Amino acid sequence: MASTLSVNLDKDDTLDGIPPVKKPRKLLPSLKTKKPQELVLVIGTGISAAVAPQVPALKSWKGLIQALLDAAIDFDLLEEEESRKFQKGLQEDKNLVHVAHDLIQKLSPRTSNVRSTFFKDCLYEVFDDLESKMEDSGKQLLQSVLRLMENGALVLTTNFDNLLELYAADQGKQLESLDLTDEKKVLEWAQGKRKLSVLHIHGVYTNPSGIVLHPAGYQNVLRNTEVMGEIQKLYENKSFLFLGCGRTVDDTTFQALFLEAVKRKSDLEHFMLVQRGDVDEFKKLRENMLDKGIKVISYGNEYADLPDYFERLTSEISVRDRTGLPRGGQLNGSSTAHTEIKEGAAPEHLPLS
């Protein structure tokens, strides 16, 4: 009679005290076969919050407005009644864009032909010394973004911070911050002539005059048919990869720039990396985004899974582009062809919900 060998593992699934190796999540073929120059990376709040989690202003709109309000109070720029009014607006979760607009107006009063710069002072106070507040896992994300940029990917962000630019400078590389007030540079960026530039569609804190919270503030750009034509062609001809973006596609400025003129959404192929989280919420998000031509992809069950996942994805895309490997067949109308490479075969290298 044959003997039976039974092996009992501890409840924590360890063997001899060694935890099991976590299996890497598969990379989606239609994404990993893209070339860097076919991608537009969209950096959302989630990335900035991961890079510098100790800065409340980077975590949400509400956090940013609260930080600006705190700075204004510290500098004695608001009367007590005004302060209470803004605090009430935040606590009641009223239209945060309107709250922010009113606060900015209050901090930028115009006397005759001179506008004060208190808003600039508050911004610099809020975003002071970001370099020292970056965490290693966040730097890993920025390194991956930077690597894709250097290989031809475009980058835009809804964030006001310049974390990516600061990280690049620390690596000895110069990135330019753009906002939509400079139509000529925005046109060149959309045409791929300013690849080492980051387009901040709401502006960047280092240029307070370029910060606008509503599409109405971009009338010059929106009326410039040449600029708008080039910007909208990006959404039709390239693949957008959303990183740390919760509601970016609902952002009124993003919609005005990219979504409103797009008619045939069935031909689009964009991607959004998200945490798996609640199964029902994930399923609902995936269904909603497919209507906009966006494939929702889970990078893992924890936010901590994102840096390694994105690094593997970046390596796969960059190596395929550099080696010029053959790619057979087309995916969703993309000119990028597809070929299989074993997961994890790409070498390691050394990137603002």
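Just so we're clear, the structure is a prediction, and the values are computed from it rather than from any experiment.
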Pair Q140, D136: side-chain N/O donor-acceptor within cut-off below 3.5 Å: no

Nearest 0.5 Å, what's the CZ-CG distance between F75 and L107? 10.5 Å

In the structure I gave you, are the side-chain heavy atoms of Y167 and L175 within less than 4.5 Å of one another anywhere? no

State, without any angle test, whether N162 and S177 hold a side-chain donor-acceptor pair at a distance under 3.5 Å. no

So Y309 and Y299, would you call those rings parallel, tilted or perpendicular, with 30° and 60° as cut-offs? tilted

Are F258 and F240 an aromatic pair, judged by ring center distance below 6.0 Å? yes

With rounding to the nearest 0.5 angstrom, report the CD to CZ distance, E125 to F118. 14.0 Å

Spell out, as yes or no, whether a donor-acceptor pair under 3.5 Å connects the side chain of D170 to the backbone of L166. no

Is there a side-chain contact between W61 and T158 (heavy atoms, below 4.5 Å)? no

Does any non-hydrogen side-chain atom of V99 lie less than 4.5 Å from one of L69? no

Can you measure from CD (E281) to NZ (K284) and round to the nearest 0.5 angstrom? 6.0 Å

Do any N or O atoms from the side chain of D305 and from the backbone of E302 form a donor-acceptor pair under 3.5 angstrom? yes

Any luck finding a side-chain donor-acceptor pair between S197 and K185 under 3.5 Å? no

Angle between ring planes, Y235 versus F254, binned at 30° and 60°: parallel, tilted or perpendicular? perpendicular

Should F127 and V204 count as side-chain neighbours, where that means a heavy-atom distance under 4.5 Å? no

K195, NZ: over 12 other non-hydrogen atoms inside 6.0 angstrom: no

Taking all heavy atoms of L234 and all of A190, pick out the closest pair and write down the distance. CD2-O, 3.5 Å

4.5 Å side-chain heavy-atom contact, F242 and M289: no

Would you say K193 and Q191 are linked by a side-chain donor-acceptor pair, where the criterion is simply a distance under 3.5 Å? yes

salt_bridge(E316, R312) N-O dist < 4.0 Å: no

Determine yes or no for a side-chain-to-main-chain donor-acceptor pair under 3.5 angstrom, with T45 supplying the side chain and S60 the backbone. no

Carboxylate-amine/guanidinium contact R84 E81, below 4.0 Å: no

So do the side chains of L313 and K32 get within less than 4.5 Å of each other, counting heavy atoms only? yes

Does some side-chain heavy atom of Q66 sit less than 4.5 Å from a side-chain heavy atom of P56? no

Between S209 and N207, is any side-chain donor less than 3.5 angstrom from a side-chain acceptor? yes

May I ask you to decide if N159's main-chain N or O and H200's side chain share a donor-acceptor pair within less than 3.5 Å? yes

Looking at side-chain heavy atoms only, is the closest gap between L180 and L257 below 4.5 Å? yes

Applying the ring pair (Phe, Tyr, Trp, His ring centres under 6.0 Å) test to Y205, which of F160, F119, Y124 qualifies? Y124

Gap separating the CD1 atom of I297 from the CG atom of L31, nearest 0.5 angstrom: 5.0 Å

